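The next block holds one structure in the form of structure tokens; read it before the comments.
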Amino acid sequence: MNHRAAHDAGELRRERSWPLSSRPDLNLWRGNVTMTVRTRFAPSPTGYMHIGGMRTALFNWLWARHNGGTFILRIDDTDQQRNMDEALGPILRAFKWLGLTWDEGPEIGGPYAPYFQSQRGELYRAAADRLLREGKAYRCFETKEQIDEDRKLAEAEKRPYLSARRSLQLSESEIQKFLVEGRPHVIRFLVPRNQMVVIDDHIRGRVEWDAGLMADPVIMRGDGSPLYNFATVIDDTQMQITHVIRAEEHLSNTPTQVLLHQALGNTLPQFAHIPYVAAPGGKEKLSKRKLAQYRNNASFKKLCDKGDAVFTQIGLSGQAGLDPVMVEFYERVGFLPAGILNGLLRLGWSLDDKTEIFSLDDAVKLFTLDRVVKAPAGFDPDKMVSYQQHWMMQLPLAEKVAGCLPYLEKAGLIASPPTPENREFTARVIAALGDRIRLFSDVLDVAYFFRDEITYDEKEFAKRLAKEGVPALLAGYRDRIAALLDWTVENLEAALKSYCEEQSQSPGTLIHALRISTTGVPIGPGVYECVLLVGRERALTRMDQAVQRVSHQPLPPNP
RNA sequence: GGCCCCGUCGUCUAGUCAGGCCUAGGACACCGGAUUUUCGAUCCGAUAACAGGGGUUCGAAUCCCCUCGGGGUCACCA
């Protein structure tokens, strides 16, 4: 890509997008001071990092970096009682792997610590008390059964469900009595019903809701813990978040949050609701629970199968949830961060009508919210692989080797840790493989270079070796090169050509037979390179073996 | 069902706000061909889309209206 040109194009786009920011509600300028852009990604610690969530995180990160701002990681664990290391580990791991550094959050803290909602209870309680005092929230003693009944009734009458607000009728003394009794209750926000809620979303434009149609949301549970919609509002304001960039499924949470912000007297953050990442070939939200269904998609299945094959060899098979919906899958199967990042970026964002390849640095320079696409983007594994392929081809040999070595180690193909000889030999193999390596784990496809036993592709064996005259030809060539002292690509080739000429045979016949006999498969680097990598002793042995093998097999009828 | 969002090649997208430069451009996949006596990569080429219907206009993918379709969300989940 022409960086300069692309950059200029980006600048132009931004100029054109400025009118959006000239609206007072979206303006970054407050008085004379430019507010630093602050974005956040607030995952719930679930034990894995969803690829769609990663895309949302990337957009947040890019917007912060693009503006020289701050990216915050906050953990929304208001409803989690699980082991935090297990639940959060994979999420942080994904960020680290991709190089998406956070400026404030877990492990590093920051000026608005703590960054775990479970540790911020005081903040929420204080805010809830304030709303209670100001009559903007109320204690609701209604039972779940009662609420359910109201809901059903509303549905039956085909009208929107609205909170009955019976608890509002309670006198102060009754409330005190209930409280002393320890009667279970929640705190609900009193929705101001006679107003519209309006936001100017960076992606969607103006979106409106009628507050008169909204039920009073619970903001504090019976046990005194906050609900997501409430905690988010408190945290976003306290952490000075300027842009709330999140997936579209949160759009319906927005009116509640806006109302809460208003009740608290907060300055509204700007909103950007980006489309969710959809299932391959579909429009539904990509979900880890629908893997079986996604396997019907050819390219998704291809990726899954690749993963299965690799994980079996490196002892990761059966690991729960290691699938293409999770970021960790890509790391484990040998993708490059650059490939994933490029793919994620282009899933719902474009610069122009032709640029496809972006490094992270490019993306930081060029990313703007106005270029985010409105419609959900179906996840396309094939395209992900093609970005990966591009970035893998850019990678220097030494780094490719470093990336491949662990796969060979775990598969037991080389020593662990690798010996200098292992490293040197692997480098030769990777160099010969060239751009055939798309994923680091692809090196496992050439196990025949690393061990004595080989597996024949039977179909190819039958086609290329089990034919009249071929074994003899191969045996003859074997003896010819066995006598050759200096094995080089040139010498092996010259020997083959002259031998075939003497025997009045087409070189192709021998070339194919040679390849199958020494590697077992019909694909790979140049034949002579393969022979060299297999090594003198093993190559000669394998040729003998193949010739013998044919004599034990019935020859196909000669046409 | 209510509320909200979305609708351009199979897929990701450009073009829509400021109508003509669009007989709709690029990329991935697919199919052909060249090259490589393999595979891959590379190069060349082909197929392929404005959801539908009405308007407005000299002119509509673009503006207006209606219809249809898809999706999100409706919790003491996040």
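Basis for what follows: all heavy atoms, side chains included, without hydrogens, waters or symmetry-related copies. Note that this is a predicted model, so its numbers are computed, not measured. Convention: sequence-line order gives letters A, B, ...; per-chain numbering from 1.
Contact annotation: Arg55(A) side-chain N/O to C12(B) OP1/OP2 distance is not under 4.0 Å. In this model, the phosphate group of G15(B) is approached by a side-chain N or O of Arg371(A) to a distance below 4.0 Å at OP1 or OP2. Note on Arg246(A): every side-chain N or O is 4.0 Å or more away from OP1 and OP2 of A78(B). Close to U37(B), at under 4.0 Å from its OP1 or OP2, lies no side-chain N or O of Arg515(A). Between Lys283(A) and C12(B), a side-chain N or O to OP1/OP2 separation shorter than 4.0 Å is present. Close to U38(B), at under 4.0 Å from its OP1 or OP2, lies no side-chain N or O of Arg436(A).
Nucleotide G1(B) is matched to C74(B) when pairs are restricted to Watson-Crick or G-U wobble geometry with both distances under 3.5 angstrom. A51(B) is paired with U67(B) under the criterion used here, namely a Watson-Crick or G-U wobble arrangement in which both key atom distances are under 3.5 Å. Base pairing of G59(B): no nucleotide in any strand meets the Watson-Crick or G-U wobble criterion (both distances under 3.5 Å). For G45(B), the paired base is C31(B) (Watson-Crick or G-U wobble, both distances below 3.5 Å). Pair assignment for U23(B) gives none, since no Watson-Crick or G-U wobble pairing has each distance under 3.5 Å. The nucleotide C39(B) finds no pairing partner, because no Watson-Crick or G-U wobble arrangement with both distances shorter than 3.5 Å includes it.
Among the atoms of the strands shown, only primed sugar atoms or phosphate atoms (P, OP1, OP2) are found under 4.0 Å from some heavy atom of Lys285(A). Nucleic acid contact for Leu347(A): sugar-phosphate only, since backbone atoms but no base atoms lie under 4.0 Å from a heavy atom of the residue. The residue Arg188(A) sits close only to the backbone: its heavy atoms come under 4.0 Å of sugar-phosphate atoms, none of a base. Within the 4.0 angstrom heavy-atom criterion, base atoms lie near Asp435(A). Backbone-only contact: Gly348(A) has heavy atoms under 4.0 Å from sugar-phosphate atoms and none from a base. Residue-level contact check: Gly378(A) touches the backbone only, with heavy atoms under 4.0 Å from sugar-phosphate atoms and none from bases. Residue-level contact check: Pro525(A) touches the bases, meaning some heavy atom is under 4.0 Å from a base atom. Residue contacts for Val373(A): at a heavy-atom cut-off of 4.0 Å it reaches the sugar-phosphate backbone alone, with no base atom in range. Here Val207(A) lies in heavy-atom contact (under 4.0 Å) with sugar-phosphate atoms only.
The gap from the C1' atom of C9(B) to that of U47(B) amounts to 10 Å, rounded to the nearest Å. A61(B) sits 13 Å from U16(B) when the P atoms are compared, rounded to a whole Å. Comparing G59(B) with G20(B), their C1' atoms sit 7 Å apart, to the nearest whole Å. For the P atoms, the distance linking A48(B) with U42(B) amounts to 25 Å, nearest Å. The separation of C5(B) from C22(B), taken at their P atoms, amounts to 33 Å, rounded to a whole angstrom. The same atom, P, is picked in C65(B) and in C4(B); the two are 16 Å apart, to the nearest Å. Remark: the separation of the P atoms in U62(B) and G7(B) is 13 Å, to the nearest Å. If you take atom P in U73(B) and the same atom in A49(B), they sit 33 Å apart, rounded to whole Å.
A pairwise comparison of heavy atoms in Ser167(A) and Arg139(A) identifies CB-O, 3.3 Å as the closest pair.
In this structure, Pro324(A) and Leu303(A) have side chains that are in contact, with non-hydrogen atoms separated by less than 4.5 Å. You'll find the side chain of Val521(A) stays beyond 4.5 Å of the side chain of Glu460(A), heavy atoms only. Side-chain atoms of Gln257(A) and Tyr228(A), non-hydrogen and from C-beta on, do get closer than 4.5 Å to each other. Put simply, the side chain of Trp391(A) reaches to within 4.5 Å of the side chain of Ile357(A), judged on heavy atoms.
Among the nucleotides C28(B), A78(B), U38(B), the one closest to the side chain of Ser44(A) is A78(B). Side-chain atoms of Arg346(A) lie closest to U13(B) of the nucleotides C76(B), A29(B), U13(B). For Trp209(A), the side-chain atoms get nearest to C4(B) when compared with the rest of C28(B), C4(B), C12(B). Comparing U42(B), G7(B), C5(B) by their closest approach to the side chain of Met393(A) singles out U42(B). For His250(A), counting side-chain heavy atoms from C-beta on, the closest listed nucleotide (G26(B), A78(B), A14(B)) is A78(B). Comparing G72(B), A78(B), U37(B) by their nearest atom to the side chain of Glu284(A) picks out G72(B). Out of C12(B), C76(B), G26(B), the shortest distance to the side chain of Lys354(A) is found at G26(B). The nucleotide whose nearest atom lies closest to any side-chain atom of Ser252(A) is, among U38(B), C3(B), U73(B), U73(B). Distances were taken from every side-chain heavy atom of Pro507(A) (C-beta onward) to each of U37(B), C74(B), U13(B); the shortest belongs to U37(B). Of the candidates C12(B), C6(B), A78(B), the closest approach to any side-chain atom of Lys383(A) belongs to C12(B).
Taking the six-membered ring where tryptophan is involved, the planes of Tyr330(A) and Phe335(A) are perpendicular, since the angle between them exceeds 60° and thus also 30°. A tilted orientation is assigned to the rings of Tyr477(A) and Tyr499(A), their planes being inclined by 30° to 60°.
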From CA spacing to verdict: side-chain hydrogen bond (donor to acceptor under 3.5 Å, both in side chains), Asn491(A), Tyr528(A): CA-CA 9 Å; Asn491(A) 289 348; Tyr528(A) 310 109; over 6 Å; no
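No donor-acceptor contact under 3.5 Å links the side chain of Arg204(A) to the base of C5(B). The base of A78(B) is paired with the side chain of Asn253(A) by a donor and an acceptor separated by under 3.5 Å. For Glu356(A) and G26(B), a side-chain-to-base donor-acceptor distance below 3.5 Å is present, hydrogens and geometry of angles not being considered.
Between Tyr387(A) atom OH and U13(B) atom P there is a gap of 9 Å when expressed in whole angstrom units. U13(B) atom P lies 14 Å from atom CG of Leu351(A), rounded to whole Å. At whole-Å resolution of the value, CD in Gln389(A) and P in U42(B) are 6 Å apart. What separates CG of Asp216(A) from P of C76(B) is a distance of 11 Å, to the nearest Å. Rounding to whole angstrom units, CG of residue Asp201(A) and C1' of C6(B) are separated by 13 Å. Separating the CG atom of Leu213(A) from the P atom of C4(B) is a distance of 8 Å, rounded to the nearest angstrom.
Between Val186(A) and Lys302(A), the residue anchored nearer the 5' end of RNA chain B, judged by the nucleotide with its closest heavy atom, is Lys302(A). Ranked by how close their nearest RNA chain B nucleotide is to the 5' end, Asp382(A) and Gly524(A) are led by Asp382(A).
Of the charged side-chain nitrogens involved, at least one lies within less than 4.0 Å of a carboxylate oxygen, so that Arg74(A) and Asp236(A) count as a salt-bridged pair.
When each of Leu286(A), Val277(A), Val327(A) is paired with His50(A), the side chain to side chain contact (heavy atoms under 4.5 Å, CB included) condition holds for Leu286(A) and for no other.
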